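Chain naming here is simple, since letters A, B, ... match the order of the sequence lines and numbering starts at 1 in each. All values derive from a computational prediction rather than experimental measurement.
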Amino acid sequence: MRSHGCGDLRQDASGQAVELCGWVDRSRDHGGVIFVDLRDRSGSVQITVDPDNGAAMFAVAEHLRNETVIQVAGTARQRPADAINDKLATGQVEVVAASITVLNAVKGNLPFPVSVHDEENTREELRLRHRYLDLRRERMARNLRLRHSTVQAMRRFLEEAGFIEVETPVLTRSTPEGARDYLVPSRVCGGEWFALPQSPQLFKQLLMVGGIERYYQVARCFRDEDLRADRQPEFTQLDMEMSFMGQEQILELNEALIASIWQAVKGIELPRPFPRLSWHEAMARYGTDRPDTRYGLELCDVSDLVKDMGFKVFSGAVAAGGAVKCIAVPGGNEAISNVRIKPGGDVFSEAQKAGAGGLAFIRVREGGEIDTIGAIKDNLSDDKKAELLTRSGATPGTLLLFGAGDTATVNKALDRVRQFLARELGLVQSERQNDQWNFLWVVDFPMFEFNAGENRLEALHHPFCAPNAADLGADPAAWAETLPTARAQAYDLVLNGLELGGGSLRIHDSALQRQVLQTIGLPLEEAERQFGFLMEALDMGAPPHGGLAYGVDRIVMLLAGEESIRDTIAFPKTQQARCLMTQAPAGVADKQLEELHVASTWTEEEG
RNA sequence: GGGACUGUAGUUCAACCGGUUAGAGCACCGCCCUGUCACGGCGGAAGUUGCGGGUUCGAAUCCCGUCAGUCCCGCCA
């Protein structure tokens, strides 16, 4: 049926008889001669149709519409010297058609143009509705291949490092904490439910107990939460777990893994080791646990300088246990007008959207003079002012932006302002043009954080992370005391402000595991019921182990320069978690529900 | 659950502050054209302005509701 790929034809094929199959990318009818660009997955080549080679064939060629599937038999030949197209990989040659067979015609209008020349801003709704057409387009084809190369690079590296891929169940049990589960009713066990895995976490730990030692899986995971540009209800993780390795060894191995991916996909040699930052330092300097380190604009804590000043917004925040922090924007006096940092301005609004009440500012002038509102200027002593300028690194021309309030809100607001300013000031490239890869390990996360709503501690990562041994102490009797404030042996890999993956060393001692579950408020009895199988396994010779998981969709998104993981997934869902192509989810027959012992309580009013 | 933006021909967009018959490129149909490659020329067809209601002498435009898509907040160990 086919002897060559369209895009593979070169000069050396001249004179050969060829058979090609593919889609009509577009055609140019000159009356006496017709040129058809034929496209398959290898690329495209020009077919030349001459009426002297058959009137019937010529008539067929005259009515070829774009995206018609055809088979062409003919002869490859060197193009005339004045007709060579340097813009095409196959521009040296053309195929003179001897016969053209229409394998499948296009009926009606296409919902959007496919040819790369027409690739304009097509509504995503249409692209998703007719995803098979969208996948023919250059951009999506490139992204899917890039995704394939990425996963291949992962598998190649892990194979060489002695990992084996093991599949874990997709039908598993629901566990407390974490995201909302997708549930599957059991027909056989009436009234009972499976949950789709949010990650293979427990299974991979049990594989370690099972002596696998080095496991990985390209695993589909499910979380029933609201969607974002970088979140889908089903997504893919590169899931890994390994025994008898400390944190340092795990991080080193993973840097090598990431480097091999970037080498394979981008041809870039990443500098190693990756920088590391403690969670505490990340929060202090960037206000977030996943800082974008491609630019400065770091946060500077000035709480101690302003705690006694007469400006109540500042001193009051500190007195209430909060903080006052600032961002120094070099050249900000020139670049950012007062309108933008006052109420209603875009910079001000960013802070406000993150929950901040407002945004105070100081403009630094020549000779250490400052421009600001009277309430600040009149209440700032000369030595405090001098210290402020020194500490923030401000020089004439610098704009200082302040957040004041409870520490979490200040961090959140200034993090947002920082990211906004970086884009506005052109400190980062657009996603498509980015060529800067600032990897960063964030380590030493706290084990727990306080959930004010439920008035209890919650695991920051998950309740199987091993605590830092020094923080925990050797005496099990003291664990109830030491555990809540202990750091975890956990680590996140951050790239340009996005969390690519994370993991931890795990608890392999059942007593400690029970203690952690109790600390997050799970009664002992409940802990046994939910996780008894894990604790039982830990008591049968569980090796020290740890691991991590990467978001494959996000990695591919960054490698592809895309802004949404939907563009890295063949058949993604909309923000309403609906598939526009199949119209899933959809209703089912009452009989199906009966068999599953399920009754729907959904009503029209509810919808 | 909340906030914002978008929805006009098959498609990408335009249509001023509410005012003639809602326009243009591409695609489509017809005719012409033997070296184009985003071919070119001439002509044609194509619209429930997402849907429903309201204000008005008059609505693509203003208001209310609703549906769909996107971005964000909450949520996502």
**Student:** The side chain of A:Arg79 lies closest to which of these nucleotides: B:U70, B:A68, B:U36?
**Tutor:**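 The closest nucleotide is B:U36.
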
**Student:** Picking from B:G35, B:U70, B:G74, which would you name as closest to the side chain of A:Arg77?
**Tutor:** B:G35

**Student:** Applying ring-ring contact (aromatic ring centres under 6.0 Å, His included), which residue pairs with at least one partner in residues 513-532 of chain A are found, sequence neighbours left out?
**Tutor:**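 Output for this query lists A:Phe464-A:Phe531.
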
**Student:** Could you please name the option among B:C39, B:C76, B:G35 that lies closest to any side-chain atom of A:Arg28?
**Tutor:** B:C39

**Student:** Taking ring pair (Phe, Tyr, Trp, His ring centres under 6.0 Å) as the definition, give me every residue that meets it alongside A:His130, ordered by chain and number, with sequence neighbours left out.
**Tutor:**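 In terms of ring pair (Phe, Tyr, Trp, His ring centres under 6.0 Å), with neighbours along the sequence ignored, A:His130 is linked to A:Tyr132.
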
**Student:** Atom CD of residue position A:Gln583 - does it have more than 12 heavy atoms of other residues, nucleotides or ligands inside 6.0 Å?
**Tutor:**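 More than 12 within 6.0 Å, yes.
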
**Student:** Only pairs with both distances under 3.5 Å count, Watson-Crick or wobble alike; so what is the partner of B:C28 in this structure?
**Tutor:**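 Across all strands, the one nucleotide that pairs with B:C28 is B:G44.
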
**Student:** Does A:Lys412 have any salt bridge (Lys or Arg N to Asp or Glu O under 4.0 Å) partners at least two apart in sequence or in another chain, and if so, which?
**Tutor:**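 Once residues adjacent in sequence are excluded, A:Lys412 has no partner under the salt bridge (Lys or Arg N to Asp or Glu O under 4.0 Å) criterion.
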
**Student:** Choosing from B:C39, B:C75, B:U70, which nucleotide comes nearest the side chain of A:His30?
**Tutor:**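 In terms of side-chain proximity for A:His30, the closest of B:C39, B:C75, B:U70 is B:C39.
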
**Student:** Return the set of residues passing ring pair (Phe, Tyr, Trp, His ring centres under 6.0 Å) with A:His280 (not counting sequence neighbours), or none when no residue passes.
**Tutor:** none

**Student:** Tell me, please, which residues at least two apart from A:Arg41 pass salt bridge (Lys or Arg N to Asp or Glu O under 4.0 Å).
**Tutor:** none

**Student:** From B:C73, B:G1, B:A38, pick the nucleotide closest to the side chain of A:Asp226?
**Tutor:** B:G1

**Student:** Restricting to nitrogen or oxygen on both sides, can you table the protein-nucleotides 29-31 of chain B pairs closer than 3.5 Å?
**Tutor:**
none

**Student:** Output a table of nitrogen or oxygen pairs between the protein and nucleotides 40-46 of chain B separated by less than 3.5 Å.
**Tutor:**
none

**Student:** Determine all donor-acceptor pairs shorter than 3.5 Å in which one atom belongs to a side chain in residues 346-359 of chain A; sequence neighbours excluded.
**Tutor:**
unit_1   : atom_1 : unit_2   : atom_2 : d
A:Asp346 : OD1    : A:Arg340 : NE     : 3.0
A:Asp346 : OD2    : A:Arg340 : NE     : 3.2
A:Asp346 : OD2    : A:Arg340 : NH2    : 2.9
A:Ser349 : OG     : A:Gly345 : O      : 2.7
A:Glu350 : OE1    : A:Arg416 : NE     : 2.8
A:Glu350 : OE2    : A:Lys353 : NZ     : 3.3

**Student:** Could you work out, with ring pair (Phe, Tyr, Trp, His ring centres under 6.0 Å) as the rule, every residue matching A:Tyr182, not counting sequence neighbours?
**Tutor:** none

**Student:** Select one nucleotide: of B:U70, B:C73, B:C37, the one nearest the side-chain heavy atoms of A:Asp37.
**Tutor:**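 Nearest to the side chain of A:Asp37 among the choices is B:C37.
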
**Student:** Could you identify which residues of residues 40-51 of chain A place a heavy atom less than 4.0 Å from some atom of RNA chain B, listed by residue number, or say none?
**Tutor:**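 Residues of residues 40-51 of chain A that come under 4.0 Å of RNA chain B are, in numerical order, A:Gln46.
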
**Student:** Taking B:U20 as the reference, what is the distance to B:A15 when you measure between their C1' atoms (whole Å, please)?
**Tutor:**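 Nearest-Å result for B:A15 against B:U20 at atom C1': 13 Å.
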
**Student:** Using the side-chain contact (heavy atoms from CB on, under 4.5 Å) criterion, which residues pair with A:Arg79? Sequence neighbours excluded.
**Tutor:**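 In terms of side-chain contact (heavy atoms from CB on, under 4.5 Å), with neighbours along the sequence ignored, A:Arg79 is linked to A:Gln46, A:Ile84, A:Asn85, A:Leu88, A:Glu94.
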
**Student:** Can you list the residues that meet the side-chain contact (heavy atoms from CB on, under 4.5 Å) rule with A:Met283, with sequence neighbours excluded?
**Tutor:** A:Trp279, A:Asp289, A:Asn411

